[in-house]
Participant: 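This is the structure, below, for whatever I ask next.
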There are 2 protein chains.
Amino acid sequence: MTVTIYDVAREANVSMATVSRVVNGNQNVKPATRKKVLKVIEELGYRPNAVARGLASKKTTTVGVIIPDISNSMYAELARGIEDIATMYRYNIILSNSDQNQNKELQLLETMLGKQVDGIVFMSDVISTELLYEMERSPTPIVLAGSIDETNAVASVNIDYYGAAYEAVKKLVDNGHKKIAFVSGPLSSKINKDYKLKAYTEALLDAGIDYDEKLVVECNNSYDEGMEAVSTLQPYEPTAYFVSNDEMSIGVIHALEESGKKVPEDVEIISYENSKLARMARPMLTSIAFPLYDIGAVSMRLLTKYMNEEEIEEKQVILPYRIEERQSTKNA
Amino acid sequence: MTVTIYDVAREANVSMATVSRVVNGNQNVKPATRKKVLKVIEELGYRPNAVARGLASKKTTTVGVIIPDISNSMYAELARGIEDIATMYRYNIILSNSDQNQNKELQLLETMLGKQVDGIVFMSDVISTELLYEMERSPTPIVLAGSIDETNAVASVNIDYYGAAYEAVKKLVDNGHKKIAFVSGPLSSKINKDYKLKAYTEALLDAGIDYDEKLVVECNNSYDEGMEAVSTLQPYEPTAYFVSNDEMSIGVIHALEESGKKVPEDVEIISYENSKLARMARPMLTSIAFPLYDIGAVSMRLLTKYMNEEEIEEKQVILPYRIEERQSTKNA
DNA sequence: GTGAAAGCGCTAACAA
DNA sequence: TTGTTAGCGCTTTCAC
């Protein structure tokens with residue numbers, strides 16, 4: 001029923017090897033026979049079986065992508081970056097959601113390796129020791145996208161989270177604020193705790209402002225918790241907010257406005273993400289551009305280098321960030 | 001280097017068949033030998049090769065997903081629904097973006113069939129005749145998610161787009177509006193043109209209001225074009241808007257407010273989608289709930305039935321919708 | 001430039 | 001309950 005390479009060979013009076021050559025674009029085929037074979041392929045509607053090819057060649061031209069949650073716009077953006085570059089290099093993608101659950105991550109890794117993917121792009125807020133161990137002994141190259149492994153054992157692409165956060169907080173300090181709140185994502189995430197929070201603390205310190213833990217609120221990155229954070233913080237009367245993502249920033253703005261404060265006149269806000277939401281907020285958000293798409297794209301590009309065994313110049317790549325100034329801060 | 005089923009067999013003093021049996025949970029294995037085999041598997045770190053398995057069994061336990069654009073939150077939501085159910089049934093997903101480009105769709109379909117996926121979930125605003133032809137002759141089951149094929153040749157899951165749109169417009173009519181604008185997505189999409197626009201027209205007609213093409217604006221579903229639509233429509237002074245998605249609705253609201261109109265006092269708006277944006281808008285959007293996640297989940301569930309050759313009760317499933325009343329309309 | 005033949009690692013009869 | 005033996009459909013030496 002399904003037509004195989006053997007059928008084509010028979011029909012074209014050549015060997016399987018020759019059919020394989022024309023299918024794979026091997027140049028060692030006389031134009032005339034190539035043409036003949038192509039004709040038969042067309043007639044028979046032959047479609048190469050990638051599974052058989054994968055078994056024989058030990059290459060599947062598919063890569064695994066493990067991310068927390070595709071329905072979250074940040075990860076979706078990342079995924080698109082990955083997919084675009086994958087397509088460019090003729091790879092397909094097996095996409096899985098881990099929900100940041102470590103067991104699921106471990107098991108997903110196992111499944112993908114079982115499926116013989118040629119490489120893996122992985123994203124998670126926390127890379128456990130166990131996960132790291134498995135990654136290091138993986139027979140297949142892995143790159144971390146927007147995820148920190150401080151041992152630098154695994155390739156990764158990130159931005160300078162510390163620098164970005166420091167700059168944001170410094171901007172608020174420079175605008176004269178003394179009480180600057182930090183509405184953070186989960187502190188279980190290394191990026192939030194060891195980079196953003198640290199930068200927040202040190203930027204304050206460098207400006208002679210003592211760190212006040214009451215001004216820091218840990219949230220789950222959602223709009224609702226952004227709103228709640230304002231209630232929590234209100235008693236301490238912060239005059240500026242540094243917020244971990246755009247969705248929470250919008251929550252913060254709405255809560256502030258409900259309590260009669262005006263942004264940016266009474267309270268300034270700097271967000272972190274710069275998704276398309278930033279322009280859809282009123283006032284539009286000043287936000288640190290976190291280039292998710294690019295991180296995905298560069299991760300995938302880096303992965304192709306590993307898969308082709310090309311030389312790697314830098315195993316840990318750091319992409320630039322920038323601050324997009326809009327209306328939630330006063331112009332300097 | 002890589003350990004195969006053969007290595008395990010040798011080490012455990014059993015045949016490959018027995019190892020295969022324990023790996024696949026076949027009950028016809030004496031507990032003692034099962035235990036022995038499991039032990040060797042553990043020791044050797046044996047990991048079954050899914051590609052070889054796929055070749056031998058003609059099942060890959062992976063399904064293809066072809067959607068327009070994963071970075072668009074609607075499709076991301078759909079994808080999550082698909083993935084969750086796929087995971088539940090132990091399938092993995094190969095995810096590809098088509099950007100609604102017909103050639104890409106055709107080629108993606110071809111690639112996935114080549115990769116021997118066990119099934120495909122497909123989404124696109126327009127299913128061309130050529131695509132339909134290929135789908136019908138596909139050796140692998142396909143289900144359309146949130147996509148219309150009027151020949152009913154291919155399985156699909158949708159909502160009652162016409163009914164939903166009709167109800168929305170009727171609500172606006174009932175609130176006394178005579179000049180109701182329709183800010184539509186691309187009219188190349190059957191859903192927009194033959195269902196929503198038609199419902200809009202007929203709901204108006206049924207209320208004795210003549211259709212005025214000036215009140216209909218075709219957009220690309222983006223925030224910016226939502227804003228622009230308002231400028232285009234302003235001369236005709238609509239007092240109510242029916243808008244094709246949440247992002248455009250927010251654009252409409254912002255443009256309206258910039259021009260001094262108040263929502264819902266001066267102008268009422270009903271959106272279509274009810275994503276999490278709907279609650280993040282001010283005023284919060286009254287929106288027709290378009291259950292993307294469910295459509296994805298049900299599509300995948302339907303696909304599993306085809307893949308298992310279960311009996312299908314209904315090939316075209318229609319999911320319920322509802323109207324979520326919030327602040328962009330006046331309460332009745 | 002082309003063909004023969006040996007696998008790739010596994011499943012699935014069929015026997016025993 | 002277990003083993004033997006063909007494949008699955010292709011790539012890849014190695015000859016010619």
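Given the structure is predicted, the values throughout are model-derived calculations rather than measurements. So that the names make sense, note that chain A is the first sequence line, chain B the second, and so on, each numbered from 1.
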Participant: Looking at Thr33(B), I'd like to know whether one of its side-chain N or O atoms comes within less than 4.0 Å of OP1 or OP2 on dT2(D).
Facilitator: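 Thr33(B) to dT2(D) OP1/OP2: side-chain N or O found under 4.0 Å.
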Participant: Just N and O in the side chain of Ser20(A): are any of them under 4.0 Å from OP1 or OP2 of dT11(D)?
Facilitator: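 For dT11(D), OP1/OP2 do have a side-chain N/O of Ser20(A) under 4.0 Å.
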Participant: Between dG3(D) atom C1' and Asn28(B) atom CG, what is the distance in whole Å?
Facilitator: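 Distance check: Asn28(B) CG to dG3(D) C1' gives 14 Å.
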Participant: Without decimals, in angstroms, what is the distance between Gln116(B) CD and dC10(C) P?
Facilitator: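 One finds 19 Å between P of dC10(C) and CD of Gln116(B), rounded.
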Participant: Of the nucleotides dG3(C), dT11(C), dC10(D), which has the atom closest to the Ala56(B) side chain?
Facilitator: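 My answer, after comparing the listed nucleotides, is dT11(C).
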Participant: Counting distance only, does the side-chain N/O of Ser147(B) pair as donor-acceptor with the main-chain N or O of Ser124(B) below 3.5 Å?
Facilitator: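 Yes; at least one donor-acceptor contact below 3.5 Å.
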Participant: Got Tyr293(A) and Asp84(A) here, is their nearest side-chain heavy-atom distance under 4.5 Å?
Facilitator: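 Yes - at least one pair of side-chain heavy atoms lies under 4.5 Å apart.
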Participant: Please check: side-chain N/O of Asn92(B) versus main-chain N/O of Val63(B), any donor-acceptor pairing under 3.5 Å?
Facilitator: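 A pair under 3.5 Å: no.
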Participant: Can you tell me if the side-chain N/O atoms of Ser15(B) get under 4.0 Å from OP1 or OP2 in dG3(D)?
Facilitator: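 Yes, Ser15(B) has a side-chain N/O under 4.0 Å of OP1/OP2 on dG3(D).
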Participant: Counting C-beta onward and ignoring hydrogens, is there a side-chain heavy-atom pair between Ile295(A) and Phe290(A) closer than 4.5 Å?
Facilitator: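 Sidechains of Phe290(A) and Ile295(A): in contact.
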Participant: At a cut-off of 3.5 Å, list every protein nitrogen or oxygen paired with a nitrogen or oxygen from nucleotides 14-16 of chain D, distance to 0.1 Å.
Facilitator:
none

Participant: Whole-Å distance between dT2(D) P and Gln27(B) CD?
Facilitator: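 To the nearest whole Å, that distance equals 12 Å.
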Participant: Are Lys104(B) and Ser96(B) close enough that a side-chain donor and a side-chain acceptor fall under 3.5 Å?
Facilitator: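 Per modelled atom types, Lys104(B) and Ser96(B) side chains form no pair under 3.5 Å.
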Participant: Expressed in angstrom and rounded to an integer, what is the separation of Asp7(A) atom CG from dG9(D) atom C1'?
Facilitator: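 Going from Asp7(A) (CG) to dG9(D) (C1'), I get 10 Å.
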Participant: Strictly below 4.0 Å, heavy-atom distances to any atom of DNA chain C: list the hits from residues 41-53 of chain A, or just say none.
Facilitator: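 Listed by number, there are none.
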Participant: Given side chains that start at C-beta, do those of Leu106(B) and Leu131(B) come closer than 4.5 Å, heavy atoms only?
Facilitator: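 Yes, their side chains come closer than 4.5 Å.
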Participant: Return the value, rounded to whole Å, for the distance between atom NZ of Lys59(A) and atom C1' of dT12(D).
Facilitator: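 It works out to 13 Å between those atoms.
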Participant: Reading DNA chain C from 5' onward, which residue's closest nucleotide shows up sooner: Val29(A) or Ala17(B)?
Facilitator: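 First, find each residue's nearest nucleotide; the 5'-ward one identifies Val29(A).
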Participant: Between Lys36(A) (NZ) and dT2(C) (P), how many Å, whole number?
Facilitator: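 Taking atom P of dT2(C) as the reference, NZ of Lys36(A) is at 8 Å.
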Participant: Within the pair Thr2(B) and dG9(C), is there a side-chain N or O less than 4.0 Å away from OP1 or OP2?
Facilitator: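 Affirmative; the distance criterion is met.
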Participant: Counting only heavy atoms not in Glu136(A) (residues, nucleotides, ligands), do more than 12 fall under 6.0 Å from its CD?
Facilitator: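 More than 12 heavy atoms, drawn from other residues, nucleotides or ligands, come within 6.0 Å of this atom.
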Participant: Do the side-chain N or O atoms of Asn24(B) get closer than 4.0 angstrom to the phosphate oxygens (OP1, OP2) of dT11(C)?
Facilitator: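 True: Asn24(B) side-chain N/O within range (under 4.0 Å) of dT11(C) OP1/OP2.
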Participant: Within the structure provided, determine whether Ile5(B) and Pro48(B) are in side-chain contact (heavy-atom separation under 4.5 Å).
Facilitator: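 Result no, sub-4.5 Å side-chain heavy-atom pair not found.
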Participant: Which sits closer to the 5' end of DNA chain D, Leu55(A) or Asn13(B), going by the nucleotide each is nearest to?
Facilitator: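 In this pair, the answer is Asn13(B).
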Participant: Verify the contact: side-chain N or O of Thr18(A) to OP1 or OP2 of dG3(C), cut-off strictly under 4.0 Å; return yes or no.
Facilitator: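 Yes, within the criterion.
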Participant: Both Val14(B) and Met16(A) contact DNA chain D. Which one's nearest nucleotide lies toward the 5' end?
Facilitator: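 Comparing both residues, the 5'-ward one is Val14(B).
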Participant: Does any N or O in the side chain of Lys35(A) come within less than 3.5 Å of the main-chain N or O of Lys30(A), such that one atom is a donor and the other an acceptor?
Facilitator: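 Pair absent, no side-chain N/O of Lys35(A) close to backbone of Lys30(A).
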Participant: Within this structure, what is the CD1-to-P distance between Ile5(B) and dC10(C), rounded to whole angstrom?
Facilitator: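 Checked: the CD1 to P distance equals 5 Å.
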Participant: Looking at Lys58(A), does any N or O in its side chain come under 4.0 Å of the phosphate oxygens OP1/OP2 on dG9(C)?
Facilitator: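 Yes, Lys58(A) has a side-chain N/O under 4.0 Å of OP1/OP2 on dG9(C).
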Participant: Whether the side chain of Gln316(B) engages the backbone of Asn152(B) through a donor-acceptor N/O pair (distance < 3.5 Å, no angle test) should be reported.
Facilitator: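 Yes.
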Participant: Tell me: OH of Tyr6(B) to P of dG3(D), nearest whole Å?
Facilitator: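 Between P of dG3(D) and OH of Tyr6(B): 13 Å.
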